[in-house]
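Just follow the structure's listing: the first ligand is 1, and inside any ligand the first atom is 1.
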Amino acid sequence: MNIVILAAGQGKRMNSALPKVLHPIAGKPMLSHVLEVARSLKPGKLCVVVGHGGEQVTAALAAPDLVWVKQEPQLGTGHAVLQALPHLDPMVTTLVLYGDVPLIAASTLRRLIGDAENALSILTVTLGDPYGYGRIVRSGGKVKRIVEEKDASIAEKKITEINTGILAAPTTSFQRWLPQLGKQNAQGEYYLTDIVALAVAEKMAVHSSHPGHESEVQGVNSKMQLAELERVYQHNVAASLLHHGVTLADPFRIDVRGELNCGRDVSIDINCLFEGQVCLEDGVSVGPHCVLRNVTVKRGARIEAFSHLQDALVGDHSVVGPYARLRPGAKLGKDVHIGNFVEVKNSNIADHTKANHLAYIGDADVGQRVNVGAGTITCNYDGANKHRTTIEDDVFIGSDTQLVAPVKVGRGATLGAGTTLTRDAPPDQLTVSRPKQLSIAGWKRPVKMK
Ligand code: UD1
Ligand code: CA
């Protein structure tokens with residue numbers, strides 16, 4: 001099969017410098033969604049017709065399996081498919097998709113293609129308000145032609161069955177039909193829809209089928225429609241998570257921009273955002289208002305409210321947050337606690353270690369059962385280079401300690417509160433750097449001068 005995706009339209013009503021098909025649904029260009037469905041059908045040829053601003057689209061989505069065809073000027077949908085024709089395999093069926101109809105489902109398309117053997121197969125839907133769409137004109141139940149809104153008679157405008165634009169037919173038929181198209185119509189364009197009347201004139205069968213759901217064939221012409229389809233997409237994701245046994249506090253308040261894989265008995269509270277590849281293993285719970293981007297959370301771990309995790313790994317039964325931040329390269333072992341206002345970056349934190357309040361752990365290797373006191377900071381950056389801090393097992397770090405890297409704290413060492421550590425701390429000893437405490441008897445506070 002060949003697939004042709006029409007994406008040359010300007011998208012004026014988006015009021016944006018970005019070409020319409022690059023506007024995102026779930027963080028990914030609309031056209032990427034269409035390409036994903038198209039690729040799932042394993043086409044022999046996958047052709048995208050682009051127009052003005054096409055360089056931007058090509059640059060954003062270039063891939064070895066894509067044939068890019070430039071249509072300039074844009075003289076209509078029939079003219080667009082005609083540009084792709086020389087690149088198609090004439091021996092097979094051609095399916096036409098739209099770059100601005102992003103939620104089309106593979107199952108719908110398989111049915112449509114199944115009907116396209118020696119026939120023209122069109123995807124139609126019946127709408128309460130058919131305004132603006134091409135109408136399906138039937139006689140004796142059989143499809144006869146499609147008439148565009150601007151060319152329709154008053155009677156035809158009352159037809160509620162509309163053309164979604166998506167269709168399939170043998171490529172040889174397109175080769176016969178497309179050069180015959182004229183532009184004697186209200187818009188002076190070469191209408192792809194006119195091939196229906198040509199097929200009927202040839203006595204070729206015209207089959208129609210419907211999408212699984214109306215939202216599959218909704219197009220995007222405005223930011224409003226983009227926002228509506230975003231909600232449809234997100235609700236579909238939520239429904240699928242619920243179906244797989246995930247507990248969602250509110251299926252209308254979760255956003256997934258990427259892939260979220262969940263084990264058994266995972267629960268997700270309200271207003272969480274998942275981006276990239278996120279994996280939540282069995283028994284994981286995510287509190288409200290969390291952002292997780294490319295994160296794996298292992299069995300039984302808890303992410304508490306308002307935490308932000310990116311390119312990080314959380315080990316079994318660990319607890320992160322509330323208000324914690326894991327930055328790229330944060331790797332937590334088992335039963336690790338990262339508490340409020342603790343930031344961890346490019347660091348390995350081994351099992352049973354706790355940093356419960358107000359700390360920065362960057363470029364560090366922290367052993368097992370370490371206690372990181374409140375206000376502890378790894379001074380990993382000297383203004384030019386980053387250096388590592390090593391903290392061995394069973395270390396106790398008192399509050400408000402600065403570890404000036406590169407530095408190492410030996411196994412079992414204790415650092416007194418307020419220490420600024422600039423040299424390695426030996427194992428099993430107390431290291432403290434702090435001016436001796438001084439009390440001055442008889443000292444008087446200054447008084448305000450008159
Ligand atoms: C088209 C159909 C109409 C259908 C509607 C569904 C025609 C003549 N009409 O109308 O029956 O109900 O879609 O949304 O086909 N495009 C190009 N090159 C062009 C013109 C369009 O690539 O020269 C692309 C656009 O980027 C878009 C798609 O084709 O993805 C549809 O174009 P649009 O102008 O929106 O068609 P409509 O007039 O809405
Ligand atoms: Ca349209």
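Contact annotation for Q71 and ligand 1: only side-chain heavy atoms (C-beta onward) come within less than 4.0 Å of the ligand. No part of V101 comes within 4.0 Å of ligand 1, judged by heavy-atom distances.
Remark: ligand 1 and A8 share an N or O pair separated by less than 3.5 Å (distance only, no angle test). Considering backbone and side-chain atoms together, V49 places no N or O closer than 3.5 Å to any N or O of ligand 1. Taking any N or O of Y133, backbone or side chain, none lies under 3.5 Å from an N or O belonging to ligand 1. Checked against a 3.5 angstrom limit, the closest N/O atoms of T164 and ligand 1 fall outside it. At least one N/O-N/O distance between D100 and ligand 1 falls below 3.5 Å.
Between K386 and D363 no salt bridge is recorded (no basic side-chain N to carboxylate O distance below 4.0 Å). The pair D65-R39 meets the salt-bridge criterion, with a side-chain N (NZ, NE, NH1 or NH2) lying under 4.0 Å from an Asp/Glu carboxylate O. Salt bridge status for R135 with E156: absent, with no side-chain N to carboxylate O gap under 4.0 Å. The residues K298 and E281 are annotated as salt-bridged, a charged nitrogen and a carboxylate oxygen being separated by less than 4.0 angstrom. Classification of K70 and E55 as a salt-bridged pair holds, one side-chain N sitting under 4.0 Å from a carboxylate O. Checked for salt-bridge contact, R231 and D255 meet the test: a charged N lies under 4.0 Å from a carboxylate O.
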### Check against side chain to side chain contact (heavy atoms under 4.5 Å, CB included), E216 and Q218
CA-CA 6 Å; E216 286 181 35; Q218 267 165 28; over 6 Å; no
### Task
Apply the test side chain to side chain contact (heavy atoms under 4.5 Å, CB included) to residues L123 and V217: give CA-CA distance (whole Å), side-chain angles for both, the deciding distance (0.1 Å), then the verdict.
CA-CA 9 Å; L123 192 65; V217 296; 3.7 Å; yes
### Query
Step by step, would you call H387 with D382 a side-chain hydrogen bond (donor to acceptor under 3.5 Å, both in side chains)?
CA-CA 8 Å; H387 303 282; D382 59 14; 2.8 Å; yes
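The nearest non-hydrogen atom to atom 32 (O) of ligand 1, considering only D151, I136, T77, comes from T77. By heavy-atom distance, the residue among G76, G78, A84, G9 lying nearest atom 20 (C) of ligand 1 is G76. With I5, N221, L6 as candidates, the residue nearest to atom 24 (C) of ligand 1 on a non-hydrogen basis is L6. Across the listed options E148, Q74, Q218, R135, E148 owns the non-hydrogen atom lying nearest to atom 9 (N) of ligand 1.
The closest approach between a heavy atom of I162 and any atom of ligand 1 is not below 4.0 Å. In this structure, A7 has a heavy atom closer than 4.0 Å to ligand 1.
Those atoms of ligand 1 that come under 4.0 Å of a heavy atom in A80, given as number and element, are 17 (C), 18 (N), 22 (O). Using a 4.0 Å cut-off to heavy atoms of Y98, the atoms of ligand 1 that qualify are 27 (C), 28 (C), 29 (O), 30 (O), 31 (C). Residue contact check: G134 has heavy atoms under 4.0 Å from atoms 3 (C), 4 (C), 11 (O), 12 (O) of ligand 1. Every atom of ligand 1 with a heavy atom of Y191 under 4.0 Å away is listed here by number and element: 8 (C).
For the pair F174 and L167, the tightest heavy-atom approach, listed with the atom from each and the gap, is CZ-CD1, 3.6 Å.
Note on residues 165-194: pairs passing salt bridge (Lys or Arg N to Asp or Glu O under 4.0 Å), not counting sequence neighbours, are R176-E202.
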